[in-house]
> 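Here it is, the structure in full.
For clarity, every value in this text was computed on a predicted model and none was experimentally measured.
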Amino acid sequence: FLAVHQIVRKKLQLVGVTALLLACKYEEVSVPVVDDLILISDKAYSRREVLDMEKLMANTLQFNFSLPTPYVFMKRFLKAAQSDKKLEILSFFMIELCLVEYEMLEYLPSKLAASAIYTAQCTLKGFEEWSKTCEFHTGYNEEQLLACARKMVAFHHKAGTGKLTGSTTHLSSFMLQEVNQLGFCFKGGKNYNKNL
């Protein structure tokens, strides 16, 4: 919304409160009353202003409030890859590592999902050709995935050493535990394919 409309600084809180209202209407079972949101904003805006902003935001976004995430694609692509539990856990672990990395925003969620599965396959099975089935269902060939997969491997190598170690540890703690239980050891990139 803010990419399309210029909003003066004193109306940014109104945009935030209205975005919260829209998000609650989209996600929550019980939606807060508009008057409660006005109270949160210390009565800086009227009910009419909140409702007018809601209408403006909804129309600007053409009522398109959700964006696809890698998770949606992961489920479909893992099925196409005929994954087992190890591949599934490792693929989700790779995606989790990318959540806190700004430079991964350049990739579409579908490419992130396909690259995570490709990286996990290479890790578990050594170099294995990206199957025609995977290529058909993902829409990506092996060459298109390599750059993203290489970044994933690099992020794994530096996980726990950067500025966002708390986030990485928190986001990946369950996955890391699952991966460790499966007996993987990634120090020094031993399990990664040399092409990555």
Side-chain angles (χ1 to χ4, degrees), residues 1-79 88-89 91-117 138-140 147-148 151-152 154-156 158-179:
F1 173 77
L2 291 175
V4 177
H5 285 281
Q6 282 190 328
I7 303 293
V8 293
R9 186 191 302 206
K10 61 183 178 180
K11 294 286 186 182
L12 280 177
Q13 185 180 17
L14 175 60
V15 171
V17 166
T18 307
L20 179 63
L21 176 64
L22 286 167
C24 288
K25 284 182 175 182
Y26 188 77
E27 287 290 328
E28 298 298 326
V29 174
S30 116
V31 179
V33 181
V34 174
D35 293 333
D36 291 342
L37 295 173
I38 292 169
L39 282 174
I40 290 172
S41 67
D42 200 24
K43 297 182 183 180
Y45 309 103
S46 69
R47 179 180 177 79
R48 174 66 21 220
E49 286 177 301
V50 172
L51 295 176
D52 286 344
M53 182 59 74
E54 178 185 25
K55 187 166 50 174
L56 176 64
M57 290 174 76
N59 286 327
T60 300
L61 298 172
Q62 298 176 339
F63 290 82
N64 188 6
F65 297 117
S66 64
L67 295 171
T69 63
Y71 179 79
V72 176
F73 295 101
M74 288 287 281
K75 286 298 190 185
R76 177 177 164 79
F77 296 169
L78 284 166
K79 191 173 184 180
E88 185 177 327
I89 290 170
S91 297
F92 276 108
F93 179 73
M94 298 309 287
I95 283 290
E96 292 253 346
L97 289 176
C98 296
L99 289 177
V100 294
E101 300 296 342
Y102 179 75
E103 64 188 272
M104 296 309 275
L105 291 175
E106 75 177 273
Y107 298 108
L108 294 172
S110 59
K111 189 174 233 178
L112 286 171
S115 297
I117 293 167
T138 64
Y140 298 106
C148 185
K151 284 183 182 179
M152 287 181 175
F155 292 138
H156 181 264
K158 74 174 193 171
T161 61
K163 293 179 183 176
L164 299 174
T165 56
S167 299
T168 304
T169 304
H170 174 71
L171 286 170
S172 301
S173 60
F174 171 75
M175 289 296 176
L176 186 58
Q177 181 181 8
E178 291 291 317
V179 169

> Report the distance from atom CG of L112 to atom CZ of F73, rounding to the nearest 0.5 Å.
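These two atoms lie 10.0 Å from each other.
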> Kindly give the heavy-atom pair with the smallest separation between M152 and C98, and that separation in Å.
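Looking at all heavy atoms of both residues, the shortest contact is CG-SG, 3.6 Å.
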> Rounded at 0.5 Å granularity, tell me how far CD1 in I117 sits from CZ in F92.
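Going from CD1 on I117 over to CZ on F92, the span is 8.0 Å.
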> Any side-chain heavy atom of Y71 sitting closer than 4.5 Å to one from I95?
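Side chain of Y71 against side chain of I95, heavy atoms only: no contact under 4.5 Å found.
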> To the nearest 0.5 angstrom, please state how far the CZ atom of R76 sits from the OG atom of S110.
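Nearest 0.5 Å value for the CZ-OG distance: 11.0 Å.
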> Sequence neighbours left out, what passes side chain to side chain donor-acceptor pair (under 3.5 Å) with Q13? Give chain and number order.
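Partners of Q13 under the side chain to side chain donor-acceptor pair (under 3.5 Å) test: none.
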> Under the rule for ring-ring contact (aromatic ring centres under 6.0 Å, His included), what residues qualify as partners of F65, not counting sequence neighbours?
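F65: no ring-ring contact (aromatic ring centres under 6.0 Å, His included) contacts found.
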> Taking only residues two or more places apart in sequence or in another chain, which ones pass side chain to side chain donor-acceptor pair (under 3.5 Å) with S66?
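In terms of side chain to side chain donor-acceptor pair (under 3.5 Å), with neighbours along the sequence ignored, S66 is linked to Y26.
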> Apply side chain to side chain contact (heavy atoms under 4.5 Å, CB included) to K25 and list each qualifying residue two or more places apart in sequence or on a separate chain.
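Counting only residues at least two positions away or on another chain, K25 forms a side chain to side chain contact (heavy atoms under 4.5 Å, CB included) with L21, V31, E54.
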> Could you state the interatomic distance from CD (E106) to SG (C148), rounded to the nearest 0.5 Å?
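Taking CD in E106 and SG in C148, the distance rounds to 8.0 Å.
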> Report the distance from atom CG of L108 to atom OH of Y140, rounding to the nearest 0.5 Å.
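Result: 4.5 Å between the selected atoms.
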> Got a second to check how far L2's CG is from I7's CD1, nearest 0.5 Å?
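Result: 6.5 Å between the selected atoms.
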> Tell me, please, which residues at least two apart from T60 pass side chain to side chain donor-acceptor pair (under 3.5 Å).
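Expected list: H5.
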> According to side chain to side chain donor-acceptor pair (under 3.5 Å), who are the partners of K75, at least two apart in sequence or on a separate chain?
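Partners of K75 by the side chain to side chain donor-acceptor pair (under 3.5 Å) criterion come out as none, since no residue qualifies.
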> Which word best sums up how the rings of F93 and H156 line up, parallel for under 30°, tilted for 30 to 60°, or perpendicular for over 60°?
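Rings of F93 and H156: perpendicular, as their planes differ by over 60°.
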> Please report the closest heavy-atom contact between L14 and T18, naming both atoms and the distance.
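Closest heavy-atom pair between L14 and T18: O-OG1, 2.7 Å.
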> Would you say the side chain of Y45 lies within less than 4.5 Å of the side chain of M53, judging by non-hydrogen atoms?
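Not touching, per the 4.5 Å side-chain cut-off.
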> Are there over 12 heavy-atom neighbours, none belonging to E103, within less than 6.0 Å of that residue's CD?
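Enclosed: over 12 neighbouring heavy atoms sit under 6.0 Å from CD of E103.
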> Quick one: closest heavy-atom pair of P32 and C24, and the distance?
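Shortest heavy-atom contact: CD-CB, 3.6 Å.
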> Please report the closest heavy-atom contact between P109 and T69, naming both atoms and the distance.
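Heavy-atom minimum between the residues: CB-C, 3.7 Å.
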